[in-house]
Amino acid sequence: MGLYLSADENDAELVRRCLAGDGEAFRPLVERYQGVLFNVAYRMVHDREEARDLAQGAFVKAYEKLGTYDPAYQFFSWIYRILVNDTLNLLKRSRPGRPLDDASDAAAAGGPHEALEAREARRAVREALMSLSVADREVVVLRHFADLSYGEMAAALAIPEKTVKSRLYSARQRLAGALGPRGSL
């Protein structure tokens with residue numbers, strides 16, 4: 001998924017244009033990254049409205065602080081850190097063990113039995129994911145839900161690629177343990 005890495009030069013040019021007064025140059029950045037930022041936020045908080053607010057807030061903060069962006073680094077990594085910091089702050093403020101949102105579960109193809117099994121599987125994965133530490137959840141979400149490469153994850157997390165692989169391995173082991181007999185990623 002080289003979208004993030006190959007877009008860097010274009011991202012830096014768009015930021016330069018924004019700083020020069022072209023407010024419309026920010027729109028392609030939003031369009032490029034809004035989906036992945038929402039997905040990451042949703043997988044971290046499991047609330048669509050909060051995830052939407054977090055992603056939107058990250059773009060607002062990024063736009064307001066665009067002058068502090070260093071084009072020597074990836075724009076995605078910079079805005080991702082804004083999102084993660086806001087998400088972590090929200091998680092710290094929120095009550096532990098808040099209910100997970102099952103309202104968005106769509107009926108699975110097949111009969112009622114298959115729909116129930118699919119809903120239960122999604123619920124089990126959500127609960128197992130939410131039982132992980134934020135650091136473990138973050139690497140699992142980036143790899144399996146945001147579909148980032150190890151290199152992209154390393155850049156976004158500002159850690160070496162080997163550390164990403166090690167954290168992901170450990171997080172997968174803990175996730176599999178939390179899922180019990182169902183769990184194998």
Side-chain angles (χ1 to χ4, degrees), residues 1 3-5 7-8 11 15 26-27 29-66 68-70 73-105 122-161 163-175 178-179 185:
M1 180 171 223
L3 166 71
Y4 308 109
L5 296 176
D8 280 347
D11 289 354
V15 169
F26 197 72
R27 184 182 310 272
L29 295 169
V30 173
E31 290 168 356
R32 183 173 296 145
Y33 300 118
Q34 69 184 350
V36 72
L37 292 180
F38 170 80
N39 197 18
V40 167
Y42 178 71
R43 298 299 174 176
M44 296 290 286
V45 300
H46 283 284
D47 181 290
R48 289 189 183 283
E49 286 304 313
E50 284 181 355
R52 200 170 292 121
D53 289 347
L54 285 163
Q56 189 174 38
F59 283 112
V60 169
K61 282 185 180 178
Y63 188 79
E64 290 171 347
K65 299 191 182 296
L66 212 48
T68 67
Y69 167 68
D70 182 352
Y73 299 97
Q74 296 178 359
F75 180 81
F76 174 74
S77 297
W78 182 69
I79 196 166
Y80 171 81
R81 286 297 345 148
I82 293 171
L83 175 77
V84 168
N85 289 338
D86 288 351
T87 302
L88 293 176
N89 288 334
L90 175 72
L91 290 172
K92 286 176 192 171
R93 287 190 312 266
S94 63
R95 294 171 287 139
R98 67 173 200 254
L100 297 171
D101 179 21
D102 283 321
S104 66
D105 288 339
R122 285 191 301 274
R123 181 196 55 75
V125 169
R126 273 197 307 272
E127 287 179 1
L129 193 57
M130 294 302 284
S131 75
L132 297 177
S133 70
V134 172
D136 284 350
R137 193 180 328 154
E138 185 175 44
V139 293
V140 169
V141 166
L142 288 176
R143 183 68 179 149
H144 296 287
F145 297 101
D147 200 30
L148 294 177
S149 71
Y150 293 121
E152 290 166 332
M153 291 171 65
L157 297 171
I159 59 176
E161 196 170 318
T163 304
V164 167
K165 290 177 181 179
S166 173
R167 282 188 191 174
L168 184 58
Y169 175 81
S170 298
R172 284 174 174 158
Q173 296 300 312
R174 286 188 273 281
L175 183 59
L179 284 169
L185 281 179

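- The main-chain N or O of Arg81 is found under 3.5 Å from a side-chain atom of Asn85 such that the two form a donor-acceptor pair.
- Other residues, nucleotides and ligands contribute more than 12 heavy atoms inside 6.0 Å of the CD atom of Glu161.
- Side chains of Leu175 and Asp136 form no contact here, defined as non-hydrogen atoms less than 4.5 Å apart.
- Ion pairing between a basic and an acidic side chain is recognised when a charged N comes within 4.0 Å of a carboxylate O; Arg52 and Glu49 show such pairing.
- You'll find the side chain of Val84 reaches within 4.5 Å of the side chain of Leu88, heavy atoms only.
- Within the 3.5 Å criterion, the main-chain N or O of Thr163 finds no donor-acceptor partner in the side chain of Ser166.
- The CG atom of Asp47 lies 8.5 Å from the CG atom of Leu90; values are rounded to the nearest 0.5 Å.
- At a threshold of 4.5 Å between non-hydrogen side-chain atoms, the residues His46 and Leu129 count as touching.
- Val60 places none of its side-chain heavy atoms less than 4.5 Å from the side chain of Tyr63.
- Taking the six-membered ring where tryptophan is involved, the planes of Tyr42 and Phe38 are essentially parallel, since the angle between them stays under 30° and well short of 60°.
- Between Tyr33 and Asp11, the side chains place a donor N or O and an acceptor N or O closer than 3.5 Å (distance only, hydrogens not considered).
- For the residue pair His144/Arg43, the side-chain donor-acceptor check at 3.5 Å is not satisfied.
- A donor-acceptor contact shorter than 3.5 Å is absent between the side chain of Tyr73 and the backbone of Trp78.
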Apply side-chain contact (heavy atoms from CB on, under 4.5 Å) to the pair Met44 and Leu83, showing each step before the final yes or no. CA-CA 11 Å; Met44 296 290 286; Leu83 175 77; over 6 Å; no
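- When all heavy atoms of Leu142 and Met153 are compared, the closest pair comes out as CB-CG, 3.9 Å.
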Using the side-chain contact (heavy atoms from CB on, under 4.5 Å) rule, take Leu54 and Val40 through it: C-alpha gap first, then chi angles, then the decisive distance, then the call. CA-CA 10 Å; Leu54 285 163; Val40 167; over 6 Å; no
